[in-house]
Amino acid sequence: MKNRHPKGLIVLFFTEMWERFSFYGMRAILVLYLTQETIGENPGLGWTKADALSLYAWYMGLVYGMSIPGGILADRLLGQKKTVLVGGVLIAAGQLTLAVPGIETFYAGLALIISGVGCLKPNISTMVGGLYREGDSRRDSGFVIFYIGINIGAFAAPLAVGAVGELYGWRYAFGMAGIGMLLGLAVYLWGQKHLKDVGLRTSPKAAEVDKKTPLTPVERDRVIVLLISFLIVVVFWAAYEQAGGLMNLYTKEKINRVIFDWKIPTSWFQSVPAAFVIILGGVVAAFWARRSKKGKENSSLFKMALGIMITGSGFLFMSGAAMQAETGVKAMLIFLVMAYLLHVVGELCLSPVALSFITKLAPAKYAASMMGLYFAATGLGGLAAGKVGELATRAGEFEVFTGIFVFCAVFGLLLLVFFKKLKALTHGAEEIKS
Ligand code: GLN
């Protein structure tokens with residue numbers, strides 16, 4: 001079959017699926033564990049909501065921010081392939097450390113996970129790009145498939161790890177997240193033969209020569225447009241990453257979670273966006289593909305601007321929930337579900353598109369570093385998300401949800417105004433060679 005993807009994609013798919021299982025499993029319970037009282041059957045750390053959201057902010061900022069050193073480590077020293085392995089080991093060690101009681105082990109575990117994700121996340125994404133040659137038309141769909149793998153992990157994790165954490169005990173849940181990462185490592189080690197030379201570092205000599213040659217004007221323009229696109233990324237994730245923080249605590253306190261006399265665990269709602277990605281990932285990709293077949297190709301930058309506006313509009317539903325909750329009753333579940341639905345449609349316009357965009361535009365010698373920078377931008381978004389969430393404990397939830405909607409709408413419109421100028425800077429990097 002002409003359109004078959006390289007075998008290496010399966011290996012990266014399952015490795016990342018398990019890594020994300022471990023990541024999102026832990027994330028689903030993080031603020032719940034922090035804010036749970038220190039007494040009772042399943043004691044937590046008894047923090048205030050503001051403190052928990054502040055830690056969430058810093059965790060999200062650092063966990064993706066470490067992608068910069070992670071990318072540099074790969075470009076300069078180890079290559080992506082080995083750096084991913086190091087990352088997996090650090091993450092597994094971190095999750096298992098969280099499972100050991102004590103505040104010292106809690107912080108040590110977080111530090112290990114932060115370093116590990118920094119090594120793994122950007123580099124495994126660059127490796128996906130490395131499976132395809134320049135101009136290969138399968139690249140975008142390869143990233144969509146990879147993105148679905150991410151979300152299978154992200155979907156299963158809150159159901160499994162979240163339920164164990166909320167119903168049996170937080171430590172078992174952290175342990176479970178650690179086991180997930182170990183499974184990912186096993187897949188990765190097993191699959192090495194299918195990755196061939198993907199993610200190997202160029203020989204030190206070649207790299208030395210390469211470093212000395214300056215960027216061509218076209219390469220420079222492309223780096224500039226990438227850096228501008230990272231600004232879009234910061235704003236997008238600042239909105240989107242409310243999910244694990246403010247929206248998670250909001251779900252616990254103000255959303256009516258009872259269905260047929262059964263109260264759904266809060267953490268389970270963290271699976272909802274991932275489920276939407278799995279269901280809609282192919283639909284959105286097919287929609288763009290159909291448009292491009294009709295000769296109406298939309299550039300990545302256009303899709304990203306649209307993504308921000310769609311995700312932002314999801315917050316209108318959260319404003320609706322907040323209005324209802326302010327009358328003293330719990331808000332209807334449908335508000336939350338609709339918000340997540342729009343968040344995901346926006347995400348699908350932006351996130352897999354951005355990954356692919358970077359692997360098309362970044363000069364080869366900076367491939368992993370640019371990916372590192374991209375994830376650092378998502379981290380900055382995550383940090384802002386936590387801080388904005390924290391603001392809601394003072395300014396009120398309705399105000400914050402509505403504010404995010406307005407900001408995204410204005411920002412997206414501004415991008416559309418300038419988008420032709422930005423597109424010119426890509427110098428046709430998005431054209432598909434047949
Ligand atoms: N949800 C995606 C993932 O976990 C993207 C996260 C991000 O880029 N910050 O891979």
Side-chain angles (χ1 to χ4, degrees), residues 12-28 30 56-57 59-68 70-71 84 87 91 113-114 116-129 143-158 177 180-181 184 229-245 247 270-278 280-281 284 304 307-308 311 340 343-359 370-386:
L12 300 179
F13 178 101
F14 282 107
T15 307
E16 179 61 345
M17 184 192 85
W18 281 116
E19 187 268 332
R20 293 286 97 181
F21 174 90
S22 135
F23 180 84
Y24 282 108
M26 179 273 195
R27 199 187 85 154
L30 182 60
Y56 175 77
Y59 171 71
M60 290 297 283
L62 288 171
V63 84
Y64 287 122
M66 282 301 276
S67 296
I68 294 187
V84 166
I91 295 170
I113 295 173
I114 286 167
V117 173
C119 288
L120 189 145
K121 183 77 170 140
N123 292 311
I124 198 164
S125 312
T126 313
M127 285 175 75
V128 174
F143 271 102
V144 172
I145 295 171
F146 180 69
Y147 211 74
I148 290 176
I150 285 177
N151 283 282
I152 295 175
F155 170 73
M181 188 63 249
S229 76
F230 292 169
L231 187 69
I232 308 180
V233 166
V234 176
V235 174
F236 175 82
W237 293 104
Y240 186 92
E241 298 288 18
Q242 296 301 326
M247 286 172 73
Q270 295 296 309
S271 288
V272 174
F276 281 138
V277 173
I278 298 166
L280 298 174
V284 174
M304 288 160 91
I308 284 200
T311 291
Y340 279 144
H343 284 185
V344 166
V345 176
E347 174 187 7
L348 286 168
C349 291
L350 182 137
S351 187
V353 171
L355 293 178
S356 180
F357 188 60
I358 296 161
T359 65
M370 289 308 279
M371 193 59 92
L373 220 53
Y374 166 77
F375 279 107
T378 76
L380 210 55
L383 175 65

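Each ligand, and each atom within it, is numbered from 1 in the order the structure gives. Quantities reported herein were computed from a predicted structural model and do not represent experimental measurements.
Checked by atom type and distance alone, the side chain of T359 pairs as donor or acceptor with a backbone atom of S356 at under 3.5 Å.
Of the inter-residue distances, the one linking F21 atom CZ with F14 atom CZ reads 14.5 Å to the nearest 0.5 angstrom. Distance check: M60 CE to L380 CG gives 12.0 Å after rounding to the nearest 0.5 Å.
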Scan the side chains in residues 116-124 for donor-acceptor partners under 3.5 Å anywhere in the protein, sequence neighbours excluded, and list what turns up.
| from | atom 1 | to | atom 2 | distance (Å) |
| --- | --- | --- | --- | --- |
| K121 | NZ | E16 | OE2 | 2.9 |
| N123 | ND2 | G70 | O | 3.1 |
| N123 | ND2 | C119 | O | 2.7 |

List the atom pairs, with distances to 0.1 Å, where a side-chain N or O of residues 145-153 and a protein N or O form a donor-acceptor pair under 3.5 Å, not counting sequence neighbours.
| from | atom 1 | to | atom 2 | distance (Å) |
| --- | --- | --- | --- | --- |
| Y147 | OH | E347 | OE2 | 2.5 |
| Y147 | OH | S351 | OG | 2.7 |
| N151 | ND2 | Y147 | O | 2.9 |

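Protein residues having at least one heavy atom under 4.0 Å from any atom of ligand 1 are R20, Y24, Y64, K121, Y147, I150, W237, E241, E347, F375, T378, listed by chain and number.
Under the side chain to side chain donor-acceptor pair (under 3.5 Å) criterion, Y374 pairs with no residue at all, not counting sequence neighbours.
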